[in-house]
S.K.: 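Dropping a structure here in C-alpha cells format, bear with me for questions.
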Protein chains: 4
Amino acid sequence: MDQPKSELDGWVEELLKINDENEKMTEKQIKIISAAIEIFSEKGYAASSTSEIAQKAGVAEGTIFRHYKTKKDLLISVVAPTMSKLIAPFVLKGFGDVMNTHYASFEDFTRAMIMNRIDFVKKNLPVIKILLQEIPFQPELKEQFLKNVGSKVLERLMVIVERYQKEGVIVDLPPQTVIRLTGSAILGFLAVRYIMLPEHSWDDEQEIEHTIRFIMYGLSS
Amino acid sequence: MDQPKSELDGWVEELLKINDENEKMTEKQIKIISAAIEIFSEKGYAASSTSEIAQKAGVAEGTIFRHYKTKKDLLISVVAPTMSKLIAPFVLKGFGDVMNTHYASFEDFTRAMIMNRIDFVKKNLPVIKILLQEIPFQPELKEQFLKNVGSKVLERLMVIVERYQKEGVIVDLPPQTVIRLTGSAILGFLAVRYIMLPEHSWDDEQEIEHTIRFIMYGLSS
Amino acid sequence: MDQPKSELDGWVEELLKINDENEKMTEKQIKIISAAIEIFSEKGYAASSTSEIAQKAGVAEGTIFRHYKTKKDLLISVVAPTMSKLIAPFVLKGFGDVMNTHYASFEDFTRAMIMNRIDFVKKNLPVIKILLQEIPFQPELKEQFLKNVGSKVLERLMVIVERYQKEGVIVDLPPQTVIRLTGSAILGFLAVRYIMLPEHSWDDEQEIEHTIRFIMYGLSS
Amino acid sequence: MDQPKSELDGWVEELLKINDENEKMTEKQIKIISAAIEIFSEKGYAASSTSEIAQKAGVAEGTIFRHYKTKKDLLISVVAPTMSKLIAPFVLKGFGDVMNTHYASFEDFTRAMIMNRIDFVKKNLPVIKILLQEIPFQPELKEQFLKNVGSKVLERLMVIVERYQKEGVIVDLPPQTVIRLTGSAILGFLAVRYIMLPEHSWDDEQEIEHTIRFIMYGLSS
DNA sequence: CATGAATGAGGGTTCATTCAT
DNA sequence: AATGAATGAACCCTCATTCAT
C-alpha cells in the first residue's frame with residue numbers, strides 16, 4: 001500500500017502536526033481518549049459505559065469527568081480531531097493553486113485523492129467508525145459535518161471539477177453529480193476494503209487501478 | 001419516481017405478498033413493531049428504551065415482553081423481514097433465466113436494478129437505517145447479512161456479470177470488482193439521496209440517468 | 001420400612017379417606033396442585049412463579065386464578081390437607097381410650113408413633129418441606145400450626161405422658177419436656193433421614209431401634 | 001443464661017476476634033449487612049427486595065450493588081461469617097487434645113457443647129434463621145455447609161465419641177448415630193427454645209439439665 | 001488534580017392478577 | 001369453565017455524574 005510521496009501529503013502532515021501540537025493532553029487524557037476510541041468503536045457510543053472506559057484507561061471513574069464534562073463531551077473530544085483531519089486537505093490555503101500546478105491530469109488528481117484517503121482511513125479507522133455511527137444521532141456532529149464537508153469540501157471540489165470540465169477532460173454533468181459519482185467509487189472501495197471485509201485478502205494496487213479506470217471511463221466526455 | 005413495470009418487480013411483489021401473509025401479527029404487535037421502527041431509527045437501538053416504545057405504541061411495557069422475549073428479540077423481529085426482502089429479488093428461482101430473456105442489455109438490467117432498489121429503499125428507509133446501524137454490533141445480524149448478501153446475492157450477480165462479460169458488453173475486470181463498482185454507484189446514489197440529503201430538492205430522473213451513464217461508460221470494454 | 005398394621009394407622013386411613021372424598025377436585029385442579037407442590041418445594045414459594053406452575057400443570061395462567069384467588073391461596077390449598085393429616089392421629093375421637101387399650105407399654109407407643117410418622121413423611125415429603133419453609137413467613141399457616149399442634153396435639157400427648165409417668169414407667173420430668181425430648185429424637189431422625197441426607201444408604205430398622213432405645217433409656221425413671 | 005467460662009469458649013472468642021478484625025467493613029457496609037440480616041430473616045431471601053434493604057440501611061439502592069455485585073452476593077456475605085463461626089469450635093487446632101484434658105466426663109463435654117451452642121444461637125439467631133431457610137435453595141450454601149459440617153465437624157465429633165465409647169462411658173452404637181441422637185436433643189432444644197417458642201417463659205437451667213440428663217441416660221451403656 | 005464511594009434515575013425484565021373472548 | 005393477551009407495579013441492576021477526601 002505504498003504511495004508516492006505527494007505535495008498533498010505534505011500539507012496533511014503539516015496540518016496534523018499543528019493539530020497534534022495544540023493538544024497538550026496529559027498522559028491520563030491520552031489514555032482516556034485511547035480507551036474511549038477503542039470501546040466506542042467496538043460497542044457503539046450508547047452501549048459503552050464510562051466505567052469501562054475508565055477501567056481500560058487505568059484511571060478512576062471520576063477522572064474522566066474532570067477532563068470531559070459529560071460522556072457526550074468525551075465523544076466530541078474523541079471525534080473532533082479526526083473530523084478536522086478529514087477536511088484538512090480541502091481547506092488548506094493555496095489548495096486550489098497547487099491543484100493547478102501539480103495535478104495536470106484528472107487521473108493524477110483522482111489517484112492522489114484515493115491514496116490520501118486510504119492513508120487517512122488506515123490511520124483513523126476506529127474513529128471513522130465512531131463518526132459514521134454517531135453522526136446520525138448527534139446533532140452537534142451532524143451540523144459540524146454538513147458545514148464542513150457539505151460546504152467547504154464540496155465548494156473546493158466543485159471548483160476543481162468545473163476546471164476539468166472547462167478543459168474538456170471530463171463529462172459535462174452537474175459538478176455535484178460528478179463529485180457524488182467519484183466519491184461513491186472511492187468511498188465504496190474504502191468501505192468494502194476496510195470496514196466490510198477487512199479480513200479478505202486484497203490486491204490493493206489492482207483494485208485501486210480498476211477503481212480509477214472506472215471513474216475515468218465513467219466520466220469521460 | 002415512477003418506474004416501468006417490469007417482470008422483476010412482479011416477482012418481488014409476489015414474494016412480499018407471501019411474506020406479509022405469513023406474518024399474522026395482532027394489532028398490538030403491529031403497533032409495537034411500528035413504534036420500535038420509529039424509535040430505533042431515530043435514536044439508535046441502544047439509546048432507545050422499551051418504555052418509550054411501549055408508550056408510543058400505546059401498550060403496557062409488559063406487553064412488549066409478552067411478544068418479544070428481549071429487547072434484542074424485538075430488534076431482530078423489526079429487522080428480519082426487511083432483510084428477507086432485501087435479498088428477495090436475488091434468490092427467486094428462475095431469476096437467472098429471466099435475466100437472459102428480459103434484460104438483453106446490461107443497461108436495461110442496471111436500470112431495472114436501480115429502480116427496484118430505489119423502490120425498496122423508499123419503502124423501507126427507517127428499517128434500512130436500523131440495519132446499517134446495528135449490523136456492526138449484532139453478530140446475529142452480521143452473520144445473517146454476510147450469509148445472504150455475501151453468498152446468495154453475490155453469487156447470482158457474478159453469474160450475470162460473467163455472462164455480460166462473455167458477451168463482450170462490459171469490461172473484463174474481476175466480476176466482484178464490477179459488482180463493487182456498480183454497487184457503489186447505486187448505493188452511493190441511494191445513500192446521498194435518501195439518507196444524507198433527503199431534504200435537498202432532487203431531479204431524480206436526471207440523477208438516475210447520470211448514474212447509469214457513469215456505470216455504462218465506466219464498465220465499457 | 002414395613003410396619004405392623006396398627007389401629008392408629010386404621011384411623012389415619014379413615015381420616016384420609018374422608019379428606020380425599022371431600023376434595024371433589026376437577027382434573028385441572030389436581031394438576032395445578034401437583035405442579036404447585038413440585039415447584040414450591042423445589043424453589044420455595046416466593047421464588048416460584050404462577051406461570052411456571054401453569055405451564056407444568058398444562059393449564060392456562062388464568063385457570064389457576066379461577067380456582068385459587070391468589071398465589072397465597074394456592075399455597076394454603078396446597079398445604080392445608082397435609083396440615084390436617086399431620087394432626088389427624090391426635091385429634092381422632094377416642095384416641096385417648098385406644099391408647100389405654102392398645103399401647104400398654106411406652107415403648108410400643110413410641111414405636112407406633114415413629115412408624116406412623118415415617119410413613120407420613122414418606123408420603124408427604126414435598127408438602128412437608130413447603131410447610132417447614134413457609135410457616136415462619138405466613139402468619140395464617142403459623143397460627144393454624146400453633147393452634148393445632150401447639151394445643152390439640154400437645155394436649156393429647158401430655159395426657160398420655162402423664163399417664164405413663166403415673167404408672168412410673170418414665171421419668172418424672174415436666175410432660176412438655178418429655179414431649180420435646182421424644183419429639184426431638186423422632187423428628188431429628190426424620191430430618192436427617194429424609195431431608196438432609198436422603199441419598200445416604202440407611203439401615204432404617206437399626207436406626208429406628210437405636211432411636212427408640214435412646215428414648216427409652218433417656219426417659220427411664 | 002450464664003455459663004461457666006470454659007477453655008472452649010476462649011478459643012471461640014479468639015477465633016471470632018480474628019474474623020471480626022478481618023472484616024474491615026465501611027460504616028455503610030455494616031448498615032447494609034445489618035439491614036439485610038433483619039429483612040432476610042423477617043421475610044425470607046426471595047421475598048426481600050433490595051430497595052427495602054437500601055431504605056432500612058439508609059443508603060441508595062445503587063450503593064448496595066457497589067459493595068455486593070448481586071443480591072445473592074449480599075446473601076452470601078450475610079451468611080458466610082456465621083457459617084464460619086458455626087464450625088469454628090470444631091476446626092480449631094488442638095481441639096482434640098483439649099478434649100482429652102479438660103472434659104474428662106462425657107457429661108461435662110455435652111454441657112460445654114450445649115452452653116456454647118446456646119451462646120452461639122443467641123448471638124446469631126437471625127442469621128441462623130436465614131441459613132436454615134436458604135441452605136435448601138442455594139447450592140453454594142448447601143455445598144459449603146455439607147463440606148464443613150458434614151466432614152470437618154462430623155469427623156471431629158466421631159473421634160471424640162469413639163474415645164468415650166472405648167472408655168466405656170457411653171453405649172456402643174455407631175458413632176454417627178450417637179452424634180445424631182445427641183445433636184437432635186441439643187438442636188431440638190435450641191429450635192423449640194429460640195425459634196419456635198422464643199416468647200414462652202423458660203426455665204433454661206432446668207431445661208438444659210433435663211436435656212443433658214436425657215442424653216446421658218439415653219447413651220448410658 | 002485524582003480518586004472512588006455514593007447517588008438515584010432509569011434500564012430491561014418478571015410477575016401476579018384481570019378480563020374479554 | 002377455560003383461556004391467554006394485557007396490564008403496570010415492582011423487581012434487580014447499571015449508569016453517568018457528583019463530591020468529600
S.K.: Are any side-chain N or O atoms of B:Ser48 and backbone N or O atoms of B:Gly44, one a donor and one an acceptor, separated by less than 3.5 Å?
M.R.: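 Here the side-chain-to-backbone pair exists.
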S.K.: Less than 4.5 Å apart, side chain to side chain, heavy atoms only: is that true for C:Ile53 and C:Phe40?
M.R.: yes
S.K.: Can you tell me if the side-chain N/O atoms of D:Lys28 get under 4.0 Å from OP1 or OP2 in E:dT7?
M.R.: yes
S.K.: Can you figure out which of F:dT17, E:dT13, E:dT18 approaches the side chain of B:Glu61 most closely?
M.R.: E:dT13
S.K.: Is any side-chain N of the basic residue among C:Glu52 and C:Lys43 closer than 4.0 Å to the acidic one's carboxylate O?
M.R.: yes
S.K.: Rounding to a whole Å, what distance do you find between A:Gln29:CD and E:dC1:C1'?
M.R.: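 That distance rounds to 11 Å.
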S.K.: In whole Å, what is the span from the CE atom of B:Met25 to the P atom of F:dA6?
M.R.: 13 Å
S.K.: If the cut-off is 4.0 Å, is B:His67 near the phosphate of F:dA6, judged by side-chain N/O to OP1 or OP2?
M.R.: yes
S.K.: Using atom CZ of D:Phe65 as one end and atom P of E:dA9 as the other, report the distance to the nearest whole Å.
M.R.: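 Rounded to the whole Å, the gap is 16 Å.
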S.K.: Let me spell it out: for each of A:Gly62 and B:Thr70, pick the nucleotide of DNA chain E with the closest heavy atom. Which residue's pick is nearer the 5' end?
M.R.: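 Result: A:Gly62.
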S.K.: Counting heavy atoms from C-beta on, name the nucleotide in F:dT17, F:dA6, E:dG4 closest to the side chain of A:Ala60.
M.R.: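 So the side chain of A:Ala60 is nearest to E:dG4.
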S.K.: Could you work out which one of E:dA5, E:dA16, E:dG12 sits closest to the side chain of C:Thr50?
M.R.: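 Of the options given, the side chain of C:Thr50 lies nearest E:dA16.
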S.K.: Both atom distances under 3.5 Å, Watson-Crick or G-U wobble: I'd like the secondary structure of DNA chain F as a dot-bracket string, with | for pairs made across strands.
M.R.: .||||||||||||||||||||
S.K.: Whole Å only: how far is the NZ atom of A:Lys72 from the P atom of F:dC15?
M.R.: 18 Å
S.K.: Answer yes when B:Lys129 and B:Glu42 have at least one side-chain N-carboxylate O distance shorter than 4.0 Å, and no when they do not.
M.R.: no
S.K.: Using whole Å, what does the distance between atom P of nucleotide E:dT17 and atom CD1 of C:Ile32 come to?
M.R.: 14 Å
S.K.: Test side-chain hydrogen bond (donor to acceptor under 3.5 Å, both in side chains) on A:Ser51 and A:Glu61; report intermediate values, then the result.
M.R.: CA-CA 6 Å; A:Ser51 81; A:Glu61 298 193 39; 5.0 Å; no
S.K.: Starting at atom CD1 of B:Ile64, determine the distance to atom P of E:dT14, rounded to an integer number of angstrom.
M.R.: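 Checked: the CD1 to P distance equals 13 Å.
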S.K.: Heavy atoms only, 4.0 Å cut-off, all strands: where does B:Thr26 land among base, sugar-phosphate and nothing?
M.R.: nothing
S.K.: Give the nucleotide from the list F:dT7, F:dT3, F:dA20 with an atom nearest to the side chain of A:Arg66.
M.R.: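 Of the candidates, F:dA20 comes closest.
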S.K.: Taking only the side-chain heavy atoms of D:Ser49 (C-beta and beyond), determine which of F:dC11, F:dC13, F:dT17 contains the nearest atom.
M.R.: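 My answer, after comparing the listed nucleotides, is F:dC11.
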S.K.: Count the heavy atoms belonging to other residues, nucleotides or ligands that lie under 6.0 Å from CZ of D:Phe65, then report whether that count exceeds 12.
M.R.: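 Yes - once you tally the heavy atoms of other residues, nucleotides and ligands closer than 6.0 Å, there are more than 12.
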S.K.: Nearest to the C:Lys71 side chain among E:dT17, F:dT17, F:dT3, which nucleotide is it?
M.R.: E:dT17
S.K.: Rounded to whole angstrom units, what separation is found between the CD1 atom of A:Ile53 and the C1' atom of F:dT14?
M.R.: 15 Å
S.K.: Choosing from E:dT13, F:dC11, E:dT7, which nucleotide comes nearest the side chain of D:Ser51?
M.R.: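 So the side chain of D:Ser51 is nearest to F:dC11.
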S.K.: Hey, are C:Lys31 and C:Glu38 close enough for a salt bridge, meaning a charged N less than 4.0 Å from a carboxylate O?
M.R.: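 Answer for the salt bridge query: no.
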S.K.: Mapping B:Gly58 and D:Tyr45 onto DNA chain F by nearest heavy atom, which one lands closer to the 5' end?
M.R.: B:Gly58
S.K.: Starting the side chain at C-beta, find the nucleotide from E:dG4, F:dT17, F:dT3 nearest to C:Val59.
M.R.: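 So the nucleotide nearest the side chain must be F:dT3.
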S.K.: Would you check if the side chain of A:Tyr45 reaches a backbone N or O of A:Lys72 as a donor-acceptor pair within less than 3.5 Å?
M.R.: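 Confirmed, A:Tyr45 side chain pairs with A:Lys72 backbone.
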S.K.: Starting at the 5' end of DNA chain F, which residue's closest nucleotide do you reach first, C:Thr63 or A:Lys69?
M.R.: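 Its nearest nucleotide lies further toward 5', so the answer is C:Thr63.
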S.K.: Could you state the CD-P distance from A:Gln55 to F:dC15, rounded to the nearest angstrom?
M.R.: 11 Å
